[in-house]
Amino acid sequence: IIDKIAALPPGTNYFSLEFFPPKTQQGFSNLHARLVRMSHSLRPLFVNVTWGAGGSTASKSLALAELTQHSLGLTTCLHLTCTNMSRKLIDETLDQAKALGVRNLLALRGDPPRSAEYRDDRVPGQEEDDSNKDFAWAVDLVRYIRSRYGDYFCVGVAGYPEGHSDQSHPEHQSVDHDLPYLVEKVAAGADFIMTQLFYDVQAYERYVRLLREHDSGLFKTIPIIPGLMPIQNYQILRRSTKLSHASLPDDILKRVEAVRSDDEAVKAVGVDILSEIVESLKALDMADHRGFHFYTLNLEKAVAQILERCDLIPCSISPDASPVGRSSGPEEA
Ligand code: FAD
């Protein structure tokens with residue numbers, strides 16, 4: 001991914017699309033057809049495949065990564081969480097990802113089960129499963145990947161423009177609280193930062209400025225890719241912003257609430273809103289390359305309309321000449 005970003009002409013915009021593995025075979029077939037369509041018509045720089053916390057979707061995530069990377073030739077970023085995962089499963093996943101030609105990983109902690117306590121709070125001698133001794137935070141996974149695979153994988157980590165929040169420690173939700181740990185993740189070898197979804201462009205702008213100007217100098221040029229979720233309906237919007245602790249600016253909320261009972265109207269307003277957000281982000285002029293990550297929820301229409309409207313779809317150029325063309329082979333990062 002970072003090689004592809006670096007190869008883009010200065011000022012070029014790019015985008016990635018995120019998919020989760022469907023539960024059923026029928027769902028998988030539907031997604032397969034949709035991915036073929038979307039990859040041809042939209043031409044993302046890369047796609048992301050999510051991972052169920054604790055490894056709950058391990059085989060399905062790997063099957064989807066096989067489809068996107070190996071069969072469709074799309075540069076794929078496989079998400080991988082590390083808490084409540086056995087070291088064996090992490091090892092097997094990394095080996096299988098490599099065997100499939102996946103060169104990009106998003107190294108995540110994952111959400112602990114509700115009952116679990118933070119490692120810092122555990123009673124000494126309390127029984128822990130093997131995974132938690134080695135993998136308490138995402139940085140542990142970044143270090144592990146680097147120690148076992150060197151530079152083979154391009155590694156991304158999560159960033160939170162409005163701060164990360166855990167149910168167990170909601171009082172910690174602040175960008176300042178997360179900052180030292182983001183520093184750790186990048187110092188440990190992360191290549192790019194992909195953010196939590198947000199609708200508050202000013203919060204994102206403050207976040208990126210804070211990172212770019214950080215004394216460590218670690219964030220001067222690292223790609224920071226904003227996470228955007230198209231609005232599918234009112235309930236999903238409220239639920240996903242609540243779960244991710246993303247604020248909804250008043251003007252956005254009012255526009256959606258005005259049509260909340262009409263899903264089609266919500267989607268249309270949502271396309272307007274997301275397109276405005278993308279244009280505002282483009283105008284920030286804080287980096288040479290501007291990337292946009294879309295949480296698609298495996299849906300096609302809204303994201304296609306936003307990409308079209310914001311002129312983000314690259315023209316199709318022959319694969320060898322194209323800086324934004326699709327992966328030329330399974331080994332490409
Ligand atoms: P960390 O970077 O470890 O941080 C977690 C929290 O702990 C932060 O509040 C941080 O400040 C704090 N912290 C970090 N290190 C320490 C330390 N040493 N001491 C004390 N506090 C510390 N989840 C999934 O299950 N599957 C996915 O596919 C998935 N994809 C995601 C994609 C993106 C782009 C994002 C932003 C999130 C994704 N998540 C996914 C959610 C993620 O797993 C959760 O938000 C999780 O709670 C935190 O993961 P992290 O990697 O940010 O953790």
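Order of listing sets the numbers, starting from 1, for every ligand and every atom in it. Values below: all heavy atoms of this structure, side chains included; hydrogens, waters and symmetry mates excluded.
Aromatic ring orientation, Phe219 versus His214: perpendicular (interplanar angle above 60°, classes split at 30° and 60°). Between Tyr149 and Tyr152, the angle of the ring planes lies from 30° to 60°, which puts this pair in the tilted group. Phe15 and Phe294 have perpendicular rings, their planes meeting at more than 60° on a 0 to 90° scale where under 30° would count as parallel. In this structure, Phe135 and Tyr144 have perpendicular ring planes: the angle between them is above 60°, well past the 30° mark.
For the pair His164 and ligand 1, the shortest N or O to N or O distance falls below 3.5 Å. Polar contact check, Asp111 against ligand 1: a nitrogen or oxygen pair lies under 3.5 Å apart. For ligand 1, the polar-atom distance check finds an N/O of Lys185 within less than 3.5 Å of one of the ligand's N/O atoms. Inclusion of Val139 in the set of residues having an N or O under 3.5 Å from an N or O of ligand 1 is not warranted.
Residue Arg109 touches ligand 1 through backbone and side chain together, judged by heavy-atom distances below 4.0 Å. Contact annotation for Trp137 and ligand 1: heavy atoms of both the backbone and the side chain come within less than 4.0 Å of the ligand. At a 4.0 Å heavy-atom cut-off, ligand 1 touches Leu108 through backbone and side chain alike. Looking at Val157 against ligand 1, nothing comes within 4.0 Å, counting heavy atoms.
Residue contact check: Thr81 has heavy atoms under 4.0 Å from atoms 24 (C), 25 (O), 26 (N) of ligand 1. Residue-ligand proximity, Ala138 to ligand 1, at heavy-atom distances under 4.0 Å covers atoms 1 (P), 2 (O), 3 (O), 51 (O), 53 (O). Atoms of ligand 1 lying under 4.0 Å from at least one heavy atom of His177, given by number and element, are 11 (O). When each atom of ligand 1 is checked for a heavy atom of Asp178 under 4.0 Å away, the hits are 8 (C), 9 (O), 10 (C), 11 (O). Within ligand 1, counting atoms from 1 as listed, the ones closer than 4.0 Å to a heavy atom of Met194 are 34 (C). Those atoms of ligand 1 with a heavy atom of Thr195 less than 4.0 angstrom away are 34 (C), 36 (C). Residue contact check: Ala158 has heavy atoms under 4.0 Å from atoms 35 (C), 36 (C), 52 (O) of ligand 1. Set against the non-hydrogen atoms of Ala53, the atoms of ligand 1 under 4.0 Å away are 25 (O).
Residue contact annotation: Tyr295 has a non-hydrogen atom under 4.0 Å from ligand 1. Look at Gly227 and you'll find every heavy atom at least 4.0 Å from all atoms of ligand 1. Look at Tyr160 and you'll find a heavy atom under 4.0 Å from some atom of ligand 1.
Connection of Tyr199 to Tyr160 is not established within any shared hydrophobic cluster, with ILVMFWY side chains joined at heavy-atom distances below 4.5 Å, either directly or through further cluster members.
Looking at every heavy atom in both residues, Glu18 comes nearest to Thr296 through O-OG1, 2.5 Å. Pairing each heavy atom of Leu299 with each of Met38, the nearest pair is O-CE, 3.9 Å. Heavy atoms only, all atoms of each residue included: Val175 and Glu162 are closest at CG2-C, 4.1 Å. Looking at every heavy atom in both residues, Ala107 comes nearest to Ile145 through CB-CD1, 4.2 Å. Nearest heavy atom pair, residue Pro44 against residue Val47, reads CG-CG1, 3.9 Å. Between Pro21 and Thr50 the shortest heavy-atom distance is CD-OG1, 3.5 Å.
A salt bridge links Lys282 to Glu279: at least one charged side-chain nitrogen sits closer than 4.0 Å to a carboxylate oxygen. By the 4.0 Å N-to-carboxylate-O rule, Arg109 lies too far from Asp140 to be salt-bridged with it.
Of the candidates Phe20, Phe135, Trp51, it is Trp51 that places a heavy atom closest to atom 27 (C) of ligand 1. Of the candidates Glu184, Gln196, His79, the one placing a heavy atom closest to atom 30 (N) of ligand 1 is His79.
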